Trainee: 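Structure below; questions to follow.
Every number for a ligand or one of its atoms is a count from 1 in the order of the listing. Everything numeric in this text was worked out from a predicted model, so none of it was measured.
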Amino acid sequence: MRAPRLEIDLAHIEDNTASLVGRLERRGIGVTAVTKAVRGNIPIVQAMLAGGARGLADSRVATLAAMRRAGVAAPATQLRTPMASETAQVVAWADTSFNTEPVILASLSKAAGHAGRTHGAILAVELGDLREGIMPEDLPAVLACAMSLPHLQVRGLGANLACRNGVVPDEVNMAVLDRLVGDCETTLGHPLEVVSGGNSANLSWALHTQDVGRVNDLRLGEALLLGRDPLDRRPIAGLHQDAFTLVAEVIESGVKPSAPWGRRGETADGPGEAPLDCGPIAQSILAIGRQDIDPEGLVPPDGVAIIGCSSDHLLVRTAHPMVVGSQLSFGLGYGALVRAMTSPFVARRFMGRALLPA
Ligand SMILES: *Cc1c(COP(=O)(O)O)cnc(C)c1O
């Protein structure tokens, strides 16, 4: 069978989604499925929707456009705050976008006016992780700007933690979001439709805190796909961690010395570490590399160790030499999954249920 390839269990992705949708529903929270790690792959998106996700979100407008063109009708949100140079596309392909910059809000409103539509805006607020977000003290001014724009509708507030600095969502920072929601509603004179509390790192808070306050939406990617909590990468109880498996093929195999010989300069990836000499080892080369995966994010099978990687070769040590042409399966972390789903050199094999039409 073709290699390298990703084996993708759609039933496990649907199960993961249905499980979290059910648990969060009891807390008044809906799930927006984040499609960026799988580049909007249609069978996977359909599995997330079949599991009960009520909308889709992606950082890249090109991916939102591709999903729409493929016939996916679910509400679409642009997660990464738009570039000035793409506001017309964002208005064309996303119903709603996350925003922090008045100049972009103005550009979106203008583009929406040209297109004869109204664009939804979620104002992203800074809660301490220091990636995107309006500083709380600046929110009144940005809200006033958004309210003054004719083709823009302020749909809600959003927050994002645990990405740049790993700041953990807790009672303290999430209470700040709640307070800001109240302030905005006083200014607007009506309730906000969406309060998007965060990403997969918010799950532990959302499922265990006494009161989720006004949060009524979470944007989930990693938890649905890999069944793990990004805060510590531990498995989330009741979810599958094995929806994705990477298979690569052996192109050279044999016993080689563990230490190189000859004068050494830099390696393909910069200054290398001096390899330990532990005598001859069974070494195999797999036909896959950094262009397709992040080797640090691969989980080899028992008894196999990753000992090197260049842009197109992955080296493993095994107990016994492998047969050329045989294939080896790996688990994937988020970074490895992102790259494997983005590489045109990695084939896909879907399993787990009859493929749904787009
Ligand atoms: C990527 C992203 C998410 C989804 O994050 P996961 O950890 O995969 O759930 C949510 N919100 C924003 C703004 C993002 O950029």
Trainee: Around atom 8 (O) of ligand 1, find the nearest protein heavy atom and jot down its residue, atom name and distance.
Mentor: Glu222 N, 2.8 Å
Trainee: Atom 13 (C) of ligand 1: which protein heavy atom is closest, and how many Å away?
Mentor: Glu132 OE2, 3.4 Å
Trainee: May I ask you to identify the nearest protein heavy atom to atom 3 (C) of ligand 1, giving residue, atom name and distance to one decimal place in Å?
Mentor: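 Going by distance alone, atom 3 (C) of ligand 1 is nearest to Lys36 NZ, 3.7 Å.
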Trainee: Just by distance, no angles: are the side chains of Asp9 and His240 close enough, under 3.5 Å, to form a donor-acceptor pair?
Mentor: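 On atom types as modelled, these side chains do not qualify, holding no pair under 3.5 Å.
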Trainee: Among protein heavy atoms, which sits nearest to atom 12 (C) of ligand 1, and what does the distance come to when rounded to 0.1 Å?
Mentor: Asn160 OD1, 3.5 Å
Trainee: In this structure, does ligand 1 have an atom that sits under 4.0 Å from one of the heavy atoms of Arg228?
Mentor: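 Arg228 does not count as a contact of ligand 1 under the 4.0 Å cut-off.
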Trainee: Is there a side chain to side chain contact (heavy atoms under 4.5 Å, CB included) between Val91 and His151? Walk through the geometry before answering.
Mentor: CA-CA 10 Å; Val91 163; His151 306 290; over 6 Å; no
Trainee: In terms of atom number and element, which parts of ligand 1 are under 4.0 angstrom from non-hydrogen atoms of Arg131?
Mentor: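 Reading through ligand 1 atom by atom, the close ones are 13 (C), 14 (C), 15 (O).
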Trainee: Any side-chain heavy atom of Thr77 within less than 4.5 Å of one from Arg219?
Mentor: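 They are not in contact (no side-chain heavy atoms under 4.5 Å apart), so the answer is no.
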Trainee: Could an N or O of ligand 1 be found under 3.5 Å from any N or O of Ser200, whether backbone or side chain?
Mentor: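 Such a contact does occur with ligand 1.
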Trainee: Between the side chains of Glu101 and Thr81, does any donor sit under 3.5 Å from an acceptor?
Mentor: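 Distance-only check fails for Glu101 and Thr81.
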Trainee: Is it the case that more than 12 heavy atoms not belonging to Glu193 sit under 6.0 Å from its CD atom?
Mentor: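 More than 12 within 6.0 Å, yes.
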Trainee: Would you mind checking which non-hydrogen protein atom is closest to atom 11 (N) of ligand 1, with the distance to 0.1 Å?
Mentor: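 Sorting protein heavy atoms by distance from atom 11 (N) of ligand 1 puts Arg219 NE, 2.9 Å first.
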Trainee: Charged N to carboxylate O below 4.0 Å: is that the case for Arg80 and Glu132?
Mentor: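 Looking at Arg80 and Glu132, the cut-off is not met.
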Trainee: Looking at Asp232 and Arg234, is there a salt bridge between them, counting it only when a charged N and a carboxylate O are closer than 4.0 Å?
Mentor: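 Looking at Arg234 and Asp232, the cut-off is met.
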Trainee: To the nearest 0.5 Å, how far apart are CG in Leu337 and CZ in Phe244?
Mentor: 5.0 Å
Trainee: Give the atoms of ligand 1, by number and element, whose distance to some non-hydrogen atom of Leu220 is under 4.0 Å.
Mentor: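 Within the 4.0 Å cut-off of Leu220, ligand 1 contributes 9 (O).
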Trainee: Show which atoms of ligand 1 fall inside a sub-4.0 Å distance from at least one heavy-atom site of Val34.
Mentor: 4 (C)
Trainee: Would you find more than 12 non-hydrogen atoms of other residues, nucleotides or ligands less than 6.0 Å from Glu25 atom CD?
Mentor: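 No, because the 6.0 Å sphere around CD of Glu25 holds 12 heavy atoms or fewer from other groups.
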Trainee: Could you list the atoms of ligand 1 found under 4.0 angstrom from a heavy atom of Gly221?
Mentor: 6 (P), 8 (O), 9 (O)
Trainee: Tell me which protein heavy atom sits closest to atom 5 (O) of ligand 1, plus the residue, atom name and distance to 0.1 Å.
Mentor: Asn199 CB, 3.4 Å
Trainee: Using distance alone, decide if ligand 1 has a nitrogen or oxygen within less than 3.5 Å of any nitrogen or oxygen in Pro230.
Mentor: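 Between Pro230 and ligand 1, no N or O pair is found under 3.5 Å apart.
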